[in-house]
**Student:** 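The following block contains the structure, expressed as structure tokens.
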Amino acid sequence: MAFITANWNPLGDTFYRSAELYEMFWSLRDGLGDSLVAAAPYGGPIALLREPLRRSPSTRPQLEIYSASGASIASFPWKSGPVVHLGWSVNDELLCVQEDGTVLIYDLFGSFKRHFSMGQEVVQSQVLEAKVFHSPYGTGVAIVTGSSRFTLATNIEDLKLRRLPEVPGLQGQPSCWAVLTQDRQTKVLVSSGPELYVLDNTSCTAVVGSLSQSSGWQHRPHVCEQAALSGGGATPVWGLTGFCCLQERLSEMDTKQAATPKQMVWCRRPRSQQPSVVLMWDRLLLVVGSCNDTIQFPLEDQSVLVGELDGVRIIGSISQELLQEVPLVCQDIFKIASMAPGALLLEAHREYEKSSQKADEYLREIKEQNVLGDAVRQCVEAAAHEYDPDTQKALMRAASFGKCFLTEFSPDQFVTTCRELRVLNAVRESSVGMPLTHTQYPCLLLSLRLVYRQFYPLAIEVCRYLKIPDYQGVSRVLKHWASCKVQQKDLTDEAIARAVCAKVGDSPGVSYSDVAAKAYECGRPELAIKLLDFEARSGEQVPLLLKMKRSQLALSKAVESGDTDLVYTVVTYLKNEMNRGDFFMTLRNQPVALSLYRQFCKLQEPQTLKDLFNQDDDHQELGNFYVTSSYRDKRLEGRLAQLQSAVDEYNKAKNDFAAKVTVSPVHQVCPPGSWMTRRGRVMSLPVQATMEALMSLGLHKQAEQLYRDFRVPDKRYWWLKLTSLAEKEQWEELEKFSKSKKSPIGYLAFVEVCMKNNNRHEAKKYVSKVTPEQKVKAHLAVGDLEGAADAAIERRNESEMGAVLSRCSASDRLLMDKLNRARVATAKK
């Protein structure tokens, strides 16, 4: 703590510091010389390709991937063409740009994923230089070819190549160029001799005197991370900052170096008002600001600069350092003789730990200025920006000490910073190798970065510690772990399935079908089937099974689910994929699916239903099919033919009753030239409706014939004829019919039907024939109260007497007295 400012270097009004991140694990015999090196931002991995232009087939270049701490992740010989550039995508995928314009993409562990080309014309002209950049669209690639033309792809996930206009006077490779991204626009800044040009989709614009009048950029606050170089000893530094003031020269300084720098990277922190540029030669690092001052750092070996959000990583063969502008809050606290509230609180805590009374003096001074809350906040914020854990602890303890003297202070910032620092310190460990700063921490999903590196236990602990919702945290980690687990070739399918089930269990947000799909993509269909057995949702199982051509299993799963829509989906798929015979045989093994398909065919494809019955030799259903079809046939001859076919099928099925009831209307009810031929519209009616229609037409003999042929119950036939004769007011026929034989429905029905048709006279004829139990109802139906009273008294039935009394009016006083006396007499007995 006493020497915390020892490595601070002033530059104008601010300070810069260099902190060692790691002593590198790797052992590079020849250093980083003669190698292509690409390091991913935000403390990402490092890719190294030795001697990339070596063309000897006997000794191929070696592509090596390391963590930020130099721990080896993957290594393999490069067997493709010469590589011009290496870069990393936002998803930690390695992009290798070859001379012929082919871009090969590998994952973090050196497994090839895919490739694409930057255009056919590039094959002839070759790629001179390439850059991988990040934009709002994703990861992009820009190249310059031997014909001095630029080609751009702003998003490798949705590849759309853009060939930019020519640069006037440019021959061969430009002295320097860079890709600019702003407001979802991607442009290229090119240096051609003493001129600078901006290339977009349609135009090439000279910067001086024209940029501020084009594209509307002058109205947009803009910070562009770009440094342009020109030849010679003097290196003018151009900065795009504020309102696109590219015309304004912020700084010009003689570097006193004859050679052109190997790298040039912005070094600034967010909201900094003093941008600076880091230039690197073989043995020298130079920091140049907008003032006339510089900072020089000697380099022991060849290094690589990696621009970060709040500084520059300097990667060497032995160690790795972080060069950054010292945050203002750290300057306020640690600057010599600082009287900032945070500095006084830190000193007060030091004295408190020494049991010195000076602690009280410092606290009194802070309280007198009424800045104790500010002091606590400064210590917390400064701790977040410090890389050394001991310094972090000292500042956080000072903040905790100051909080004790505040009555109203929200602990949220303190608690949140403690959590974040613990997480950051864990991932900064050399075994993990992710040197993130607190400024970089909110800019990426840390758990996802850990998942890409396959630090699954640490990722799960981080998610739980930060209380990230399961569907965004632990479940996502487990899903990625399971997807990687199924790719392990040294384990059996059974072992992997058990391990995945034991680890994942019923975690929300993890779909076994997604893991099974990954297993199938890796050529392990049996493992995929085992994993699908753990999937609780049949709707997720069936599509993958169909994709795997496991139609029988898919149909079984669909049937087990009880989801008819899912069954129909599988059946439709099988129908389109299989020949008719195999399709029908498959359905025979699944009765539920067969039944549902029959229902579908019954409504949509009747002919297919017939073929299905023929396939199964189901003569009973075929007979039913022909009978149903006969109702849809508009022609009499067609209907008769359908019915005859039905009879044949019923005979084959040995269903004598069905054959008999079907043959009757064919041979008895419908002889040629009969009434049915003349009144064919009766054909489509059921038996009862047909009899009603015949009676309404006066064809009682034909109706009686149907009654006998179809064995219609007597009661139904008598009701039908009674109703028909009464409605047609054929009273004489009705009386004859009543006397033909004893009525199976009784004679009260005759009374009620006659009264319904408003014929009291005819109704009274049948009252005398009514049974004694129904006499009262019959007399009441015709309005004969006296007859009803006599019948009720004769039967000595109190309920019937009461029914008659309820129908009596005030004028029936004598009848009412008679009934009352009878009720009393009945009650005494």
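It should be emphasised that the depicted structure is a prediction, and the values quoted were computed from it without experimental measurement. Because only heavy atoms are used, hydrogens play no part in the values below, and waters and symmetry mates are left out as well, while side chains stay in.
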**Student:** Output the distance between atom CG (L95) and atom CH2 (W88), rounded to the nearest 0.5 Å.
**Tutor:**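 If I round to the nearest 0.5 Å, the distance is 9.5 Å.
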**Student:** What I want to check is whether the side chains of R449 and Y42 have a donor and an acceptor closer together than 3.5 Å.
**Tutor:**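 No, no side-chain donor-acceptor contact under 3.5 Å.
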**Student:** Between L32 and I315, which heavy-atom pair has the shortest distance, and what is it?
**Tutor:** CD1-O, 3.5 Å
**Student:** Between S483 and W481, is there a donor-acceptor pair closer than 3.5 Å when you use the side chain of the first and the backbone of the second?
**Tutor:** no
**Student:** Is a donor from one side chain sitting under 3.5 angstrom from an acceptor on the other, for S69 and S67?
**Tutor:** yes
**Student:** Compare every heavy atom of V306 with every heavy atom of A39, then report the nearest pair and how far apart it is.
**Tutor:**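 It is CB-CG2, 3.4 Å.
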**Student:** So, for Y106 and G110, which heavy atoms are closest and what is the spacing to 0.1 Å?
**Tutor:** CD2-O, 3.6 Å
**Student:** Does any N or O in the side chain of Y352 come within less than 3.5 Å of the main-chain N or O of D360, such that one atom is a donor and the other an acceptor?
**Tutor:** no
**Student:** Take F15 and I295 through the test side-chain contact (heavy atoms from CB on, under 4.5 Å) and record every step on the way to the result.
**Tutor:** CA-CA 10 Å; F15 292 87; I295 305 174; over 6 Å; no
**Student:** Has R283 got more than 12 heavy atoms of other residues, nucleotides or ligands less than 6.0 Å from its CZ?
**Tutor:**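 Buried by this count: over 12 neighbours within 6.0 Å.
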**Student:** Would you say P435 and Y387 make side-chain contact, with heavy atoms under 4.5 Å?
**Tutor:** yes
**Student:** Look at the rings of Y441 and H438 and say which category their plane angle falls in: under 30° parallel, 30 to 60° tilted, over 60° perpendicular.
**Tutor:**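 Because their plane-to-plane angle is under 30°, the rings of Y441 and H438 count as parallel.
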**Student:** Which pair of non-hydrogen atoms, one from T154 and one from F133, has the smallest distance, and what is that distance?
**Tutor:** CA-CZ, 4.2 Å
**Student:** If you draw a 6.0 Å radius around CD in E300, do more than 12 non-hydrogen atoms from other residues or ligands fall strictly inside?
**Tutor:**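 Check fails, neighbour count at 12 or below.
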**Student:** Can you sort out the partners of D470 under salt bridge (charged side-chain N to carboxylate O under 4.0 Å, His left out), two or more places apart, ordered by chain and number?
**Tutor:**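 Applying salt bridge (charged side-chain N to carboxylate O under 4.0 Å, His left out) to D470 gives none.
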**Student:** Would you confirm whether R377, through its side chain, and F414, through its main-chain N or O, come within 3.5 Å as a donor-acceptor pair?
**Tutor:**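 Not a single qualifying donor-acceptor pair exists.
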**Student:** Is it the case that more than 12 heavy atoms not belonging to E20 sit under 6.0 Å from its CD atom?
**Tutor:**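 Atom CD in E20 is crowded, with more than 12 foreign heavy atoms closer than 6.0 Å.
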**Student:** Answer whether the closest heavy-atom distance between the side chains of F334 and L346 falls below 4.5 Å.
**Tutor:** yes
**Student:** Fit a plane to each ring of W26 and Y66, take the angle between them on a 0 to 90° scale, and name the class: parallel (under 30°), tilted (30 to 60°) or perpendicular (over 60°).
**Tutor:**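 The rings of W26 and Y66 stand perpendicular, inter-plane angle above 60°.
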**Student:** So, do P41 and E308 sit near enough that their side-chain heavy atoms are less than 4.5 Å apart?
**Tutor:** yes
**Student:** Check whether any side-chain N or O of R419 sits under 3.5 Å from a backbone N or O of L466 as a donor-acceptor pair, and report yes or no.
**Tutor:**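 No.
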**Student:** Is it true that, when you exclude D158 itself, more than 12 heavy atoms of the residues, nucleotides or ligands shown sit nearer than 6.0 Å to its CG?
**Tutor:**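 Above 12, so yes.
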**Student:** Has the side chain of R453 got a donor or acceptor atom that lies under 3.5 Å from a matching backbone atom of V432?
**Tutor:** yes
**Student:** I'd like to know if the side chain of S276 pairs up with that of Y16 as donor and acceptor (distance under 3.5 Å, no hydrogens or angles considered).
**Tutor:**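 Result is yes, a qualifying pair exists.
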**Student:** Inspect the contact between E353 and R350 and indicate whether a charged nitrogen and a carboxylate oxygen are less than 4.0 angstrom apart.
**Tutor:**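 No, no charged N to carboxylate O under 4.0 Å.
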**Student:** Strictly below 4.0 Å, N to O, side chains only: are D514 and K518 in salt-bridge contact?
**Tutor:**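 Between K518 and D514 there is no salt bridge, as every charged N stays at least 4.0 Å from the carboxylate O atoms.
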**Student:** Report yes or no: is the cationic atom of K335 (NZ for Lys, CZ for Arg) closer than 6.0 Å to the six-membered ring centre of W8, at no more than 45° off its axis?
**Tutor:**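 Not satisfied by the 6.0 Å and 45° rule.
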**Student:** Can you name the residues that form a side-chain contact (heavy atoms from CB on, under 4.5 Å) with L448, not counting sequence neighbours?
**Tutor:**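 Partners of L448 by the side-chain contact (heavy atoms from CB on, under 4.5 Å) criterion, ordered by chain and then number, come out as L445, Y452, R476.
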**Student:** Treating S338 as the side-chain partner and A340 as the backbone partner, does any N or O pair qualify as donor plus acceptor under 3.5 Å?
**Tutor:** yes
**Student:** If you round to the nearest 0.5 Å, how far is CD of E93 from CD of E157?
**Tutor:** 6.0 Å
**Student:** Is a salt bridge present between R17 and E386, judged by a nitrogen-to-oxygen distance below 4.0 Å?
**Tutor:**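 Yes, charged N to carboxylate O under 4.0 Å.
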**Student:** Is the count of non-hydrogen atoms from other residues, nucleotides or ligands lying under 6.0 Å from F409 atom CZ greater than 12?
**Tutor:** yes
**Student:** Ignoring hydrogens and geometry, is there a side-chain-to-backbone donor-acceptor pair from S507 to S475 under 3.5 Å?
**Tutor:**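 Answer holds: no.
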**Student:** Under a 4.5 Å cut-off applied to non-hydrogen side-chain atoms, are I333 and L395 in contact?
**Tutor:** yes
**Student:** State, to 0.1 Å, how close C463 and G473 come at their nearest heavy-atom pair, and which atoms those are.
**Tutor:**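 C463 and G473 have their closest heavy atoms at SG-CA, 3.5 Å.
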**Student:** Ignoring hydrogens and angles, tell me if any N or O in the side chain of N155 forms a donor-acceptor pair with the backbone of Y137 under 3.5 Å.
**Tutor:** yes
**Student:** What's the shortest heavy-atom distance between V312 and C267, and which atoms?
**Tutor:**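 Looks like CG2-CB, 3.6 Å.
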**Student:** Do the non-hydrogen side-chain atoms of L323 and L285 ever get within less than 4.5 Å of each other?
**Tutor:**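 Contact flag for L323/L285 side chains = yes.
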**Student:** Find out whether V287 and F297 are in side-chain contact, i.e. whether some heavy atom of one side chain is under 4.5 Å from a heavy atom of the other.
**Tutor:** yes
**Student:** So do L344 and M339 actually touch side chain to side chain, heavy atoms under 4.5 Å?
**Tutor:**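 Sidechains of L344 and M339: in contact.
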**Student:** Under a 4.5 Å cut-off applied to non-hydrogen side-chain atoms, are L63 and L86 in contact?
**Tutor:** yes
**Student:** Test side-chain hydrogen bond (donor to acceptor under 3.5 Å, both in side chains) on Q320 and R313 and set out the steps.
**Tutor:** CA-CA 7 Å; Q320 181 177 173; R313 275 196 295 155; 2.8 Å; yes
**Student:** Do the side-chain N and O atoms of Y456 and H480 include a donor-acceptor pair separated by under 3.5 angstrom?
**Tutor:** yes
**Student:** Give a yes or no on this: more than 12 heavy atoms of other residues, nucleotides or ligands lie within 6.0 Å of atom CG of D301.
**Tutor:**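 Yes - once you tally the heavy atoms of other residues, nucleotides and ligands closer than 6.0 Å, there are more than 12.
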**Student:** Treating T416 as the side-chain partner and D412 as the backbone partner, does any N or O pair qualify as donor plus acceptor under 3.5 Å?
**Tutor:**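 Judged by distance alone, yes, a pair lies under 3.5 Å.
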**Student:** Would the distance check show the side chain of S400 and the main-chain N or O of M396 forming a donor-acceptor pair, the cut-off being under 3.5 Å?
**Tutor:**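 Such a contact is absent between S400 side chain and M396 backbone.
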**Student:** Examine the side chains of T14 and E325 and answer whether a donor and an acceptor come within less than 3.5 Å of each other.
**Tutor:**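 There is such a pair (donor and acceptor under 3.5 Å, judged by atom type) between the side chains of T14 and E325.
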